[in-house]
Novice: 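Would you mind keeping the following structure in view while I ask a few things?
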Protein chains: 2
Amino acid sequence: MANGAQRSEWTRAVRGFHAGARSDFGSCSFAVVVASSVNGAGGAVPTVLLLCSQGVPNSVIESGERARVQPETTEASRLVETAIQEGLLATLFGRCRVEYEGRAASTLKEGERLVVLKPDGTALVHSDEGQKPVNWQPPGCTHEVQTDGDSLVVRSRRETPEEVLLVEFESVDHVAIFDVTDDHDLSLTGTEEDLRDRILEDPSILEPGFEPRATERQTPAGAVDIYGVDGDGNAVVVELKRRRVGPDAVSQLNRYVESLERDLHAETTVRGFLVAPSVTERASRLLGERGLEFVSLAPSPDT
Amino acid sequence: MANGAQRSEWTRAVRGFHAGARSDFGSCSFAVVVASSVNGAGGAVPTVLLLCSQGVPNSVIESGERARVQPETTEASRLVETAIQEGLLATLFGRCRVEYEGRAASTLKEGERLVVLKPDGTALVHSDEGQKPVNWQPPGCTHEVQTDGDSLVVRSRRETPEEVLLVEFESVDHVAIFDVTDDHDLSLTGTEEDLRDRILEDPSILEPGFEPRATERQTPAGAVDIYGVDGDGNAVVVELKRRRVGPDAVSQLNRYVESLERDLHAETTVRGFLVAPSVTERASRLLGERGLEFVSLAPSPDT
DNA sequence: GCCTAGGTCCCGTTA
DNA sequence: TAACGGGGCCTAGGC
């Protein structure tokens, strides 16, 4: 721990800062708390806890006044607790270990990570690498935060299936909570649906004479992307893929074709088309063995 | 914008705070910059830019002194730029719109989001919901940040395939950069590999008399999880799944079996086993049609 | 709730 | 580099 005199000076500075913030912006609230914690090597590690932006209850702001013992953990916990209660998003950064148990089980030793807790019950633990979180909890979980001695512990649970994520912070360098509003109206192009629309708009792209009859037609083996007939009246099954395909897509198409062959009258010929930008060698060979056909087409015309 | 007198008061408070931080902790550096920006409704929105924790170059700290015009955007940009240059992780929170173009293309209208830029070239844009980022860029990308008038723009590119992510912040409420060290030694149990080990340890679990001969044995159709022989000398192909399986797993097993039937002598019988905790109804029917067998087994003994 | 299949899937491994 | 298959996959859409 830093010596008392120095921390007291810090706290004063912070309080002044904080007080100014509230008088300045009226309805908007800020609190910044600075304290030191002891890291594994016994050295003092500066810790900043930041509460910022709009719509944060005033009660939280006042809490800074009461930071006396282990202020960093207490304050961090309070902020995260507020986020959970009020439906805010919380981010924590610090040195932590992580345990997970549920569909599988994992242990992650101490390291510095960014933890994100979302109001929808999502939890993310991100290391310095990778697009995927090293540990996580899907939406719908219940988050809890508590202090355990010097450490801050975040727990996230769900049922069906029963799963628990535990993040134990040895030190917390940074906490921030945000009142997030997002209409999240993502518009995406280049999907399989775009590929489908291209064919429905001009079925001759697949083959001259092709006539689509249904999309998502049900068979005992599952739903067919496009079902129709060719110029000779044969049944046609089309499986669409937005990107280069491997053997799995061929098997999928084959399942549908075989299922329809049993379902329809015995004399009906069922042709299977795989539509994708390209195929791998092994998939191409499988197509040949199964008597299936391939049409090269991408979701976007220019690709 | 807030009036000049008020911002000046803020800036003074911040500087004092900042100076104290440096003298207190020596090698560790902090900078906190507070400023106001104008939101869409024309109101003043408080903005906090936070630079915290270890190993941050001093030059960045000094930059607070030069915050004169559009301090929020300039400082935010500087902090993110530092993170990119120095291999730090950066988080930004604010109101932004997002565009992506690459394997697909997307547009996301204005909303409040958390953006994470990792030193390995990963970019994440998280809204208030969902485990998956609403937009992202995988590792290996090159991040750039720049100011464009009042807005801060983050760009992330990669080649092979050519992909660009653009995040344009109308306002930035919070920026933090972190020097992350993580040995990321995740230990995971309950995987397909555990399931494999259970069978290799006691092959009779699959069937009395079963003798494993190889794992990942190559066939023209791909690698077989476990290859072996039964008590009668028939070839055995085992496909493992850590969880309840659907039709795709049956097709996969079927590909391997058919491939081996062609590869081996004609008179050799090839039996196919699907090992998983359970199967869906449709998958079960497919197994029957294909003459394949099912053994119920989970990665963990107690499941 | 389960089932089915898509995904800018990501990710590791191997040829 | 591409290909192949696993994943605590996640997610949307049906039933």
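Naming convention: chains lettered A, B, ... in sequence-line order (proteins, then strands); numbering from 1 in each chain. No hydrogens, no waters, no symmetry mates; every other heavy atom, side chains included, goes into these values.
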Novice: Going by heavy atoms in the side chains, are B:Leu124 and B:Val115 under 4.5 Å from each other?
Specialist: no

Novice: Please give, in whole Å, the distance from C:dG7 C1' to B:Asp248 CG?
Specialist: 15 Å

Novice: For a quick check of understanding: with a heavy-atom distance under 4.0 Å over all strands, which category does B:Ala221 fall into, base, sugar-phosphate or nothing?
Specialist: sugar-phosphate

Novice: Which nucleotides of nucleotides 8-15 of chain C have their base under 4.0 Å from a protein heavy atom (B), which only their sugar-phosphate (S), and which neither (-), written as one string 5' to 3'?
Specialist: BBSS----

Novice: How would you label the contact of B:Glu193 with the nucleic acid (heavy atoms, under 4.0 Å): base, sugar-phosphate, or nothing?
Specialist: nothing

Novice: Taking 5' to 3' order, which nucleotide of DNA chain D is first and which is last to have an atom within less than 4.0 Å of a heavy atom in chain B?
Specialist: D:dG5 to D:dT11

Novice: Just to verify, what does A:Glu99 make a side chain to side chain donor-acceptor pair (under 3.5 Å) with, not counting sequence neighbours?
Specialist: A:Arg97

Novice: State which residues pass side chain to side chain donor-acceptor pair (under 3.5 Å) with A:Asp128; sequence neighbours excluded, sorted by chain then number.
Specialist: none

Novice: Would you indicate whether the side-chain heavy atoms of B:Phe210 and B:Ile205 approach each other to under 4.5 Å?
Specialist: no

Novice: Does a donor on one side chain sit under 3.5 Å from an acceptor on the other, for B:Lys132 and B:His126?
Specialist: no

Novice: If the condition is side chain to side chain donor-acceptor pair (under 3.5 Å), which residues does A:Glu258 pass it with, not counting sequence neighbours?
Specialist: A:Asn254, B:Arg290

Novice: Defining pairs by Watson-Crick or G-U wobble geometry with both distances under 3.5 Å, how would you list the stems of DNA chain D with at least three pairs each?
Specialist: C:1-7 with D:9-15, C:9-15 with D:1-7

